[in-house]
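Below: one structure, written as structure tokens.
Just so it is clear: chains get the letters A, B, ... in the order the sequence lines come, proteins before strands, and each one is counted from 1. Values below: all heavy atoms of this structure, side chains included; hydrogens, waters and symmetry mates excluded.
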Protein chains: 2
Amino acid sequence: MSSTSSVSETPTLSQSHSGIPSRLLHKAQTAKALIQELRTEPGSTDHPQLPIIPQGISRSHFHSAISELSTQLGQDNVSVIDKPPKDDGWYMEHATTHDMMSVVPKHEFMASAIVYPASTAEVQTIVVWANNHSIPIFPISMGRNLGYGGAAPRVRGSVVIDLGRRMNKILDIDSEDYTCLLEPGVSFYALYEEVQRRGYKHMWIDTPDLGGGSVVGNTLDRGVGYTPYGDHWAAHSGLEVVLPTGEVIRTGMGALPGSNTWQTFPYGFGPYSDGLFSQSNFGIVTKMGMTLMPAPPDHESFMYTFEREDDLAQIIEIIRPLRIGNILENVAQLRSAVQTLAVSGRPKSDFYKGSGRIPKAVVEAECANLPIGKCEWIYYGMSYGPKHIRQYKLDIIDAEFKKVSGARRIDPATIPKDNYFWSRDKIAAGEPDLEELLWCNWVPNGSHIAFSPVSPIRGKDATALLDITNKHQDCQGVEIFPAFVVGLREMHLIVECVFDKHSPSACEAALASMRGMVDDAAKLGYGEYRTHLALMDQVAGTYNWNDNALIKFHERLKDALDPKGILAPGKSGVWPSRYRGRGWEMGDGKETTEGEGVANGVLGGKL
Amino acid sequence: MSSTSSVSETPTLSQSHSGIPSRLLHKAQTAKALIQELRTEPGSTDHPQLPIIPQGISRSHFHSAISELSTQLGQDNVSVIDKPPKDDGWYMEHATTHDMMSVVPKHEFMASAIVYPASTAEVQTIVVWANNHSIPIFPISMGRNLGYGGAAPRVRGSVVIDLGRRMNKILDIDSEDYTCLLEPGVSFYALYEEVQRRGYKHMWIDTPDLGGGSVVGNTLDRGVGYTPYGDHWAAHSGLEVVLPTGEVIRTGMGALPGSNTWQTFPYGFGPYSDGLFSQSNFGIVTKMGMTLMPAPPDHESFMYTFEREDDLAQIIEIIRPLRIGNILENVAQLRSAVQTLAVSGRPKSDFYKGSGRIPKAVVEAECANLPIGKCEWIYYGMSYGPKHIRQYKLDIIDAEFKKVSGARRIDPATIPKDNYFWSRDKIAAGEPDLEELLWCNWVPNGSHIAFSPVSPIRGKDATALLDITNKHQDCQGVEIFPAFVVGLREMHLIVECVFDKHSPSACEAALASMRGMVDDAAKLGYGEYRTHLALMDQVAGTYNWNDNALIKFHERLKDALDPKGILAPGKSGVWPSRYRGRGWEMGDGKETTEGEGVANGVLGGKL
């Protein structure tokens, strides 16, 4: 339980805990090497009859339809999922996975097949095929939406379209406009590496906590990063989209033939439709423009620690004006000490063998041995610009944070080079990293799922949300890491719940805690900005002002754009007409019978 | 022709030139006083039979429908337009106007009636009424979209919904979140004044060139301003919208009952629909959230002049990295010398009595007498922050601009207080102004219409667009003022064409030059970001990639949301099904016969 963790040591990760070799986490400079390694992991489990057939059609019709698609796209590019997923490690192959960090029984979000288009035209082919056969399809960019459902489809038996495997080209990087044009398979790592390869030292990308995912996918899910360009959706410019009926549109200036400003001016002329294709099932994005950030003349990370849990309200009140006033220039991160302990990569059992929450005294004692010292909250930030301009901002920040009794600035010069601080330093300077995942080792077979409510940047809101979080943590006995993340005028509390995915009771507790937190938050006016597949209906259901007016509006759009209801039904809680009112909400996880009719409404059970 | 213009004099404006008293332009601190004055202007002209009845219904049906609406909303709030517009001045009353700066024959964009709802519920009432009677309605916020159609409806005979007259409340200003919630009738002036009245010195608004218009209206038309918050659409957060079938939705976090983040987090959960309601006819926005800017510690305007027309390419190349790198912190404005001459408020005839373009030599000689001195281009900018940080940026700017041979920085201390420079200074610090309109005096009965293409920030693009502009100026003999306006990664060339609206040939020439410029620009890949009613079909028609895929997509949305096709048909080139393919494109301006059927496609002429 006591720790002698030398911060210069490579953390000792057990394969049985995470399946991810520590040397890779610390040494891999590219996502490619990591992914390669992970794809070779062994292991399998028992599973219900496979492939799981989409409801509403017969097994024979399904196989004949798949055969037709194979003819159109080539045998190698259509793969029926007739083997159970490999899931001993935390990462599983696309071809057989539902959610690599599944919190629900494995068959809940299981695909029937996976297809790999090579072009926009082939995506059109798949969409037309799906309409012809009334087979639900579910596009993924790279399937690495960890904590929110990974590569899994919302409706089981859907055919997953893995856009990323073959559509992974960086179509353009413009070093004068600071823009790029990407296919869905381009990861943050791949984009970063290409920018480096071309020697564009004057240009930064923005990366989220984990750099292995798709730039397009993260942006469409409205993810954030940690440079001043952190709002990815706001930073995109121009989409190419295959509509659910097969037509291809280009948004913004891309609709003008020969346009030279598709990636530089997002709005175009007339209705601005891009938002419709984020967090939605209204189209399949096959190309996306993205803006890149001019590298600042210089930059430096800083870290503050705060001693008491109930310093929270005061810290948040200090952050608000500094962040809105751009003195804090990147997304503000205030993390709990326990998360910083966990991100060392060591399991909870190293520190504490009891049940329930790790005692505060233990966390404090452990932290005392780390560069952060004894504390409850840690602020990670970065200042940009030349020295004297940084100093102007850092002096203000220092004066403000030091108003909190016991606040300390940790001198970066005293922090060992393999400390997590330097992972955040990389990310805040636009260099992808994966170290964040180390806290999955906190429990055996560690997986995670996130509760991500949006709130005002107010002390009282932070306290109210933390209370909700603590209540459900204690009630369900789950392991959670809260981090307050300030975008600009709003705060996201990102609560990562870490659970042993091989333990049904741990999965159930994790999901129950999520459901409880979503409900309790909604009662106080807080809604989630993003959520896991399993929670989409519940979260969408909280956005129900005026008798569900917005949901009905989205349903009207859905029915107009996707009359057959084939594209990602249920994504973000938007169901096409043929699925509506038929108990598709996530429920007890009971099996359904093959071929049961969607059309006649006879569903064997809730999804 | 020679000028002894003393810059400290109030410019001498003739009422017959603009109708706008110069003392108001220079002294009015509020839009209220100006509007009050303008509403009293005298004058009338002959006009065809009024009211103009919407096509497809009979005159008796129309009057009975209006009577029904009057009963619902009150007699005072429904006004049939049965008198010709007052148009001796440049500004006309809402109740009888089409476009206060009309470039087409007056009846082209003429409303049949105008209604003044007081609430969202009354807007719903109007929408339901319009559906019941198949009468086209056209919402305006305040109708001050000068240069783009003003208060006029796209389809003549439409009933204009003047949202602004009675729905003009500032519903909230949050001085900690730096946000506000507005109804459509709140002008930039009104918002600015309320912020001042509350003593919120720490908060700035952002205002476009003319401060008299609606914040909501300008933002929905994706207008821009001149502080670092210049992109109004990007700065908004949350809409309340009445759909064309009468339902009310709230977007973003507003869809969550009791939400506390409607104005602080724009995206909400699921598909992000806000963009659909910009430059569109998919809904009527009745409330909008807007973010406000923290006042910087200090700020200072600066001005550079450049000697030769063909310095343009070099200047633009210099601007690009400075703007993208945020060294130039607000929307970059590079204006022609002739526009700066005109904004003195004196007519062209003061300087030059000949026909065609004012000779360069004359412009140069006149400029030599002004603080700008002899020059062809003028850059107006502002630097923000404390002194030493401004100096860092200003030194970079100075070194870069001085690379252009003959570039001069004009010391603000040498510029008289009533010079236009100080109007730009106000605007770049978020204080509304109207002085910009003075260049309408350039010709008698001066009106203006804008050509607003988007291009890369490249010297060659600036040159190509200027060539197009010059070609059509010479060809049509029109008066134009080009200004290059750099948003961030894109450049808008805003070409203001000033014409005598009482001269049919001048109107025709202005419109012909616009049409020619739009076509020529499209051939080179440039599209407009915004346009006048009269040009909407033409501009939308240039966004025709892949067999008009985006237009068809918008039509599909339109038909789903507005099956009766009553809401602003034709706005931004989006026509509902009952109008499509029936020659509604702007054409020869021929009269149509009352009551001609839309339903059976028998239209007496093109619009």
Side-chain angles (χ1 to χ4, degrees), chain A residues 176-179 222 234 247-250 253-261 264-265 267-276 278-280 282 291 294 320 324-325 388-389 392 454-456 489-490 522 525 527-529 539-540 542-546 549-550 553-554 556-557 560 572-574, chain B residues 176-179 222 234 247-250 253-261 264-265 267-276 278-280 282 291 294 320 324-325 388-389 392 454-456 489-490 522 525 527-529 539-540 542-546 549-550 553-554 556-557 560 572-574:
Chain A
E176 294 187 332
D177 289 342
Y178 295 83
T179 62
R222 301 199 294 258
E247 303 87 348
V248 187
I249 63 172
R250 288 185 178 172
M253 303 306 290
L256 193 136
S259 168
N260 37 40
T261 49
T264 53
F265 183 65
Y267 301 137
F269 175 78
Y272 175 50
S273 308
D274 287 37
L276 280 188
S278 68
Q279 290 193 1
S280 93
F282 296 155
T291 57
R320 185 185 57 249
I324 297 177
H388 69 290
I389 294 183
Y392 167 77
V454 176
S455 83
R489 280 177 174 76
E490 90 295 349
E528 282 65 53
Y529 93 105
V539 169
T542 65
Y543 288 78
N544 59 12
W545 182 80
N546 193 22
L550 187 64
F553 172 70
H554 289 151
R556 204 184 317 175
L557 295 177
S572 294
V574 179
Chain B
E176 293 186 333
D177 288 342
Y178 295 81
T179 62
R222 302 199 294 256
E247 303 87 347
V248 186
I249 62 171
R250 289 186 178 172
M253 302 306 290
L256 193 137
S259 168
N260 37 40
T261 49
T264 52
F265 183 64
Y267 302 136
F269 175 77
Y272 175 50
S273 309
D274 287 37
L276 280 189
S278 69
Q279 289 193 2
S280 93
F282 296 155
T291 57
R320 185 184 58 249
I324 297 177
H388 69 291
I389 294 182
Y392 167 77
V454 177
S455 84
R489 279 177 174 74
E490 91 294 350
E528 283 65 55
Y529 94 104
V539 169
T542 64
Y543 287 78
N544 60 11
W545 182 80
N546 192 21
L550 187 64
F553 173 70
H554 289 151
R556 205 185 316 176
L557 294 178
S572 294
V574 179

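- Taking A:Asn544, A:Leu256, A:Val539 one by one and counting their heavy-atom pairs under 4.5 Å with chain B, the maximum is reached by A:Leu256.
- The aromatic rings of A:His388 and B:His388 sit tilted, their planes meeting at an angle between 30° and 60°.
- Atom CD of B:Gln279 and atom CZ of A:Phe269 lie 6.0 Å apart (nearest 0.5 Å).
- The nearest pair of heavy atoms linking A:Pro271 to B:Leu276 is CB-O, 4.1 Å.
- B:Arg250 places no side-chain N or O within donor-acceptor distance of the main-chain N or O of A:Leu550, the cut-off being under 3.5 Å.
- Atoms OG and OH, on B:Ser259 and A:Tyr543 in that order, are 7.5 Å from each other to the nearest 0.5 Å.
- Contact count versus chain A (heavy atoms, under 4.5 Å) is highest, among B:Gly275, B:Ala234, B:Ser455, for B:Gly275.
- In terms of heavy-atom proximity, A:Ile324 sits nearest to B:Tyr178 at CG2-CD1, 3.7 Å.
- Contact annotation for A:Val574: only side-chain heavy atoms (C-beta onward) come within less than 4.5 Å of a heavy atom of chain B.
- In terms of non-hydrogen atom pairs under 4.5 Å with chain A, the most contact-rich of B:Ala522, B:Gly325, B:Ser278 is B:Ser278.
- With a 4.5 angstrom heavy-atom cutoff, B:Pro294 touches chain A only via side-chain atoms.
- Taking every heavy atom of both residues into account, B:Arg489 and A:Thr291 meet most closely at CZ-CB, 3.5 Å.
- Here the straight-line distance linking atom CD of A:Glu490 with atom OH of B:Tyr267 works out to 9.0 Å at 0.5 Å rounding.
- By number of non-hydrogen pairs under 4.5 angstrom with chain B, the leading residue of A:Gly268, A:Gly527, A:Pro257 is A:Pro257.
- Interface residue A:Phe282: only side-chain heavy atoms are found under 4.5 Å from chain B.
- Only the side chain of A:Glu247 comes within contact range of chain B, with heavy atoms under 4.5 Å apart.
- Each of A:Glu176, A:Met253, A:Glu528 has some count of heavy-atom pairs under 4.5 Å with chain B, and the biggest count is that of A:Glu176.
- Residue A:Asn546 touches chain B through its side chain alone, counting heavy-atom pairs closer than 4.5 Å.
- Between chain B and the options A:Thr261, A:Asp274, A:Leu557, heavy-atom pairs under 4.5 Å are most frequent for A:Thr261.
- Most heavy-atom pairs under 4.5 Å with chain A: of the set B:Ala549, B:Pro456, B:Ser280, B:Ala560, this distinction falls to B:Pro456.
- Summarising the geometry, atom CZ belonging to B:Phe553 is positioned 4.5 Å from atom CD1 belonging to A:Ile249; distances are rounded to the nearest 0.5 Å.
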